[in-house]
Visitor: 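Before anything else, here's the structure in question.
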Amino acid sequence: MSFESLPHRPHPGQAPQQAGPAIAAQPVPACADEPRFDAVPPDRSKWRYRPRRDFWRSKAVRAGALITLLALCGLVILALVREQTGTEGFLVGLGLAVLPVPLLGAAFRWLDRVDPGPWRNLLFALAWGACAAALVAIIANSFATRWIATATADPSSADHLGASVIAPIVEESAKAAAVLLLFLFRRRDFKGIVDGVVFAGFTATGFAFTENILYLGNAFGEDQASHSGGSTTAATFFVRVVMSPFAHPLFTVLTGIGFGAAALAPPGKRLRRVVFPLGGLVCAMGMHALWNSSTLFGVYGFYIVYGAFMVPVFGLLTWLAIWSRQRELRTVAAELPAYAAAGWLGPAEPLALSSMRARAAARDFAHRTFGGKPAARAVAEYEAFATALAFLRHRAYRSAGAVGPGPDFAAREQELLHHLWERKPVAGPALLYAAGATGRIWLPPQPGPPHPYTQHAQYAPYVPYVPQVPYGRPGPAGGPGQYNPYLR
């Protein structure tokens, strides 16, 4: 399906034009005119696009069932861990295991700053790893180890086999289930490799938290029984929390990368959506198995695997995640100029929105100039909506030649443009200032006194941008230009 054969989508309120071989287009009102929408409630500030769903597919029913399931899993895993460690061991393990969680969560959240997803997705991933995945792992690992010990009559070999083969398969599969659920049911929020890394990282952080409670609690119990003064607890804490807090996140991030690559695959390439996640899961299992088997390589096996394999892979994946985040910024810089040419954004806004430094400067400027936190929050929302618009357009462009942009593309696009328009009076001057302050653009000095927004004469006051040449096809009888959401 070529661009020329896409049907024309007229702007609401205008009479439809005859279909033809022209590029799919949608007229855009001049920047000084407020956008018009059909079937918009009177209070448009609360407008959201909500497609119809069956009762069993409603968000309330799904959320209630999911919260109930995770709560039950949490209660069961809490009882199992407390039974194995005792009350004192559980409390000590809980206090020590919680220390790396905020640091890992902040690191993954920082990675997701370009297009931050909803907190509910991250909380679900964290809760799934800490409750559901940990419960599946502790039950399945115990059952498999006991079965192997009974079948082979060799408990030591059963423990080694369980740690090096059974545990990696069970644990990585249980953690991957959270990433799969987000990939299937939160597809709008799963846009690429960065999202896969973040979801996988939060899931593995929750799993490692519960597992650390068990190991640290058991170590404390051994110290209490042998009166060794806490040496086992200190050694366990050093190995699991200080040296390798990233171990479980590192394994599961490979699965997340596979799902992220599947999210980037064109809609017509269905095989990639299966092969990439499975390949990432197999790699995660293999790395997990190597890590668990390091103690079998001799006295220094752990340090050899840690220094020669784990640290380099950690550095490589960190570089890949940061590169993917920069790729998202390049996507913003490539897609938003189309909306700037149509008059929805100022000419400097795509440059400012493609820089994390400029985004922060815009929020800080709005906070100092327009009235504190509400203004800064409005600019942050503007940045989030503009980024979502860039990714929406990017996905529509990639899928237009295969299955089309999707049935909800037009409604989602209008929703995002509507929210941008409402925040434009505050976000426009802030982003213009940020683009100049961070060197993204240079504006010549303006005559007259300094502008009150910038307090610097070299930054011109914000003026709504009206393009001289309409973007897309000329409108009928000298009307507004027609906007093509797919044309690059």
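Just so you know, residue 1 is the first one in the sequence shown, and it goes up from there. All values below were derived from every heavy atom in this structure, side-chain atoms included, with hydrogens, water molecules and symmetry-related copies excluded.
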Visitor: Check E328 with K191, please: is the shortest side-chain N to carboxylate O separation under 4.0 Å?
Guide: no

Visitor: State whether the side chain of S354 and the backbone N or O of L351 hold a donor-acceptor pair below 3.5 Å, judged by distance alone.
Guide: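 Yes; at least one donor-acceptor contact below 3.5 Å.
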
Visitor: Report yes if some heavy atom in the side chain of L345 is under 4.5 Å from a heavy atom in the side chain of L336; otherwise report no.
Guide: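 With C-beta onward as the side chain, the pair touches.
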
Visitor: side-chain contact (heavy atoms from CB on, under 4.5 Å) between F209 and L94: does it pass, once the steps are laid out?
Guide: CA-CA 8 Å; F209 166 70; L94 177 64; 3.4 Å; yes

Visitor: Is there a side-chain contact between V253 and I257 (heavy atoms, below 4.5 Å)?
Guide: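 Yes; the side chains approach each other to less than 4.5 Å.
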
Visitor: Under 4.5 Å between any side-chain heavy atoms of L420 and L389, yes or no?
Guide: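 Side-chain contact under 4.5 Å: yes.
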
Visitor: Which of these passes side-chain contact (heavy atoms from CB on, under 4.5 Å) with I166: I148, T145, N292?
Guide: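 Exactly one candidate clears the test, I148.
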
Visitor: I need the minimum non-hydrogen distance between A352 and A435, along with the two atoms involved.
Guide: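 The answer is CB-CB, 4.0 Å.
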
Visitor: How are the rings of F385 and H419 set relative to one another: parallel (under 30°), tilted (30 to 60°) or perpendicular (over 60°)?
Guide: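 Plane angle under 30°, so parallel.
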
Visitor: How are the rings of H288 and H248 set to each other: parallel, tilted or perpendicular (split at 30° and 60°)?
Guide: perpendicular

Visitor: Kindly indicate whether the side chain of F90, heavy atoms from C-beta on, has any atom under 4.5 Å from the side chain of L214.
Guide: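 Sidechains of L214 and F90: no contact.
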
Visitor: I'd like to check L417 versus Y339 (side-chain heavy atoms, cut-off strictly below 4.5 Å). Are they in contact?
Guide: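 A side-chain contact under 4.5 Å exists here.
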
Visitor: To the nearest 0.5 Å, what is the distance between CE on M285 and OG1 on T252?
Guide: 10.5 Å

Visitor: On a heavy-atom basis, which atom in A174 and which in W128 lie closest, and how many Å separate them?
Guide: O-NE1, 3.0 Å

Visitor: Looking at every non-hydrogen atom in both residues, tell me the closest pair between K175 and A204 and how far apart they are.
Guide: CD-CA, 4.0 Å

Visitor: Is any side-chain heavy atom of L392 closer than 4.5 Å to one of R188?
Guide: no

Visitor: Check whether the side chains of T87 and R82 place a donor and an acceptor atom closer than 3.5 Å, and report yes or no.
Guide: yes

Visitor: Taking atom CG of L75 and atom CG of L80, what is their separation to the nearest 0.5 Å?
Guide: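 Reported to 0.5 Å precision, the distance equals 11.0 Å.
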
Visitor: Ignoring hydrogens and angles, tell me if any N or O in the side chain of D112 forms a donor-acceptor pair with the backbone of G117 under 3.5 Å.
Guide: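 Indeed, once roles are kept as given, a pair shorter than 3.5 Å links the two residues.
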
Visitor: Is it the case that over 12 heavy atoms from other parts of the model lie below 6.0 angstrom from the CD atom of Q326?
Guide: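 Enclosed.
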
Visitor: Donor-acceptor check, side chain of R363 to backbone of A430, threshold 3.5 angstrom: yes or no?
Guide: no

Visitor: First locate atom CG of L70, then atom CZ of F124, and finally report the distance between them rounded to the nearest 0.5 Å.
Guide: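 Taking CG in L70 and CZ in F124, the distance rounds to 6.5 Å.
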
Visitor: For L122 and F108, run side-chain contact (heavy atoms from CB on, under 4.5 Å): C-alpha distance rounded to whole Å, both residues' side-chain angles, the deciding distance at 0.1 Å, then the answer.
Guide: CA-CA 10 Å; L122 305 182; F108 286 112; over 6 Å; no

Visitor: Pair E171, F251 - check side-chain contact (heavy atoms from CB on, under 4.5 Å), show working.
Guide: CA-CA 10 Å; E171 294 176 6; F251 307 147; over 6 Å; no

Visitor: Hey, do the aromatic rings of F190 and F199 have their centres closer than 6.0 Å?
Guide: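 Yes: the rings meet the under 6.0 Å criterion.
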
Visitor: What closest approach, in Å, do P100 and P245 show between heavy atoms, and which atom pair accounts for it?
Guide: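 Looking at all heavy atoms of both residues, the shortest contact is CB-CB, 4.2 Å.
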
Visitor: Tell me which one of V92, L91, T85 satisfies side-chain contact (heavy atoms from CB on, under 4.5 Å) with F220.
Guide: V92

Visitor: Is E413 salt-bridged to R393, cutoff N-O under 4.0 Å?
Guide: no

Visitor: Yes or no on side-chain contact (heavy atoms from CB on, under 4.5 Å) for E222 and T233, after CA distance, side-chain angles and deciding distance?
Guide: CA-CA 8 Å; E222 293 179 10; T233 305; over 6 Å; no

Visitor: Counting only heavy atoms not in F183 (residues, nucleotides, ligands), do more than 12 fall under 6.0 Å from its CZ?
Guide: yes

Visitor: Would a 4.5 Å heavy-atom cut-off, applied to side chains only, mark T150 and W147 as touching?
Guide: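 When only atoms from C-beta onward are counted, W147 and T150 do not touch, as no gap falls below 4.5 Å.
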
Visitor: Answer yes or no: are there more than 12 heavy-atom neighbours, outside R146 itself, under 6.0 Å from its atom CZ?
Guide: no

Visitor: CG/L254 to CZ/F259 distance, rounded to the nearest 0.5 angstrom?
Guide: 12.5 Å

Visitor: What do you reckon, is CZ of R327 surrounded by more than 12 foreign heavy atoms closer than 6.0 Å?
Guide: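 Not buried by this count: 12 neighbours or fewer within 6.0 Å.
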
Visitor: Looking only at heavy atoms, what is the nearest atom pair of I193 and S324, with distance?
Guide: CG2-OG, 3.6 Å

Visitor: What verdict does the side chain to side chain donor-acceptor pair (under 3.5 Å) test give for R359 and T387, after you've listed the backbone C-alpha separation in whole Å, the side-chain angles of each residue and the deciding distance to 0.1 Å?
Guide: CA-CA 11 Å; R359 290 187 178 202; T387 304; 2.5 Å; yes

Visitor: Where the side chain of Y382 meets the backbone of E422, is there a donor-acceptor pair that is under 3.5 Å apart?
Guide: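 Here the side-chain-to-backbone pair does not exist.
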
Visitor: For the atom pair CZ (R187) and CG (D195), what is the distance rounded to the nearest 0.5 Å?
Guide: 9.5 Å

Visitor: Over 60° means perpendicular and under 30° means parallel, so tell me whether F365 and F370 are parallel, tilted or perpendicular.
Guide: perpendicular

Visitor: Roughly how far, to the nearest 0.5 Å, is the CG atom of L329 from the CG atom of L353?
Guide: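 One finds 10.0 Å between CG of L353 and CG of L329.
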
Visitor: Please find the pair of heavy atoms, one from T210 and one from A130, that lie closest to each other, and give the distance.
Guide: OG1-O, 2.7 Å

Visitor: I'd like to know if E349 pairs up with K424 as an ion pair, taking the criterion as any Lys NZ or Arg NE/NH1/NH2 lying under 4.0 Å from an Asp or Glu carboxylate oxygen.
Guide: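 Judged by the 4.0 Å cut-off on N to carboxylate O distance, E349 and K424 do form a salt bridge.
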
Visitor: Does A208 offer a backbone N or O that forms a donor-acceptor pair with the side chain of R240 under 3.5 Å?
Guide: no

Visitor: Can you find a heavy atom in the side chain of R423 that is under 4.5 Å from one in the side chain of V379?
Guide: no

Visitor: Has R109 got more than 12 heavy atoms of other residues, nucleotides or ligands less than 6.0 Å from its CZ?
Guide: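 Check passes, neighbour count above 12.
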
Visitor: Please determine whether a side-chain nitrogen of the Lys or Arg among E415 and R412 lies less than 4.0 Å from a carboxylate oxygen of the Asp or Glu.
Guide: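 Salt bridge between E415 and R412, a charged N being under 4.0 Å from a carboxylate O: yes.
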
Visitor: Examine F302 together with W291 and report whether their ring centres are nearer than 6.0 Å.
Guide: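 Yes, the ring centres sit under 6.0 Å apart.
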
Visitor: With a 3.5 Å distance limit and no angle check, can you tell me whether S244 reaches the backbone of A247 through a side-chain donor-acceptor pair?
Guide: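 Looks like no, no N/O pair under 3.5 Å.
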
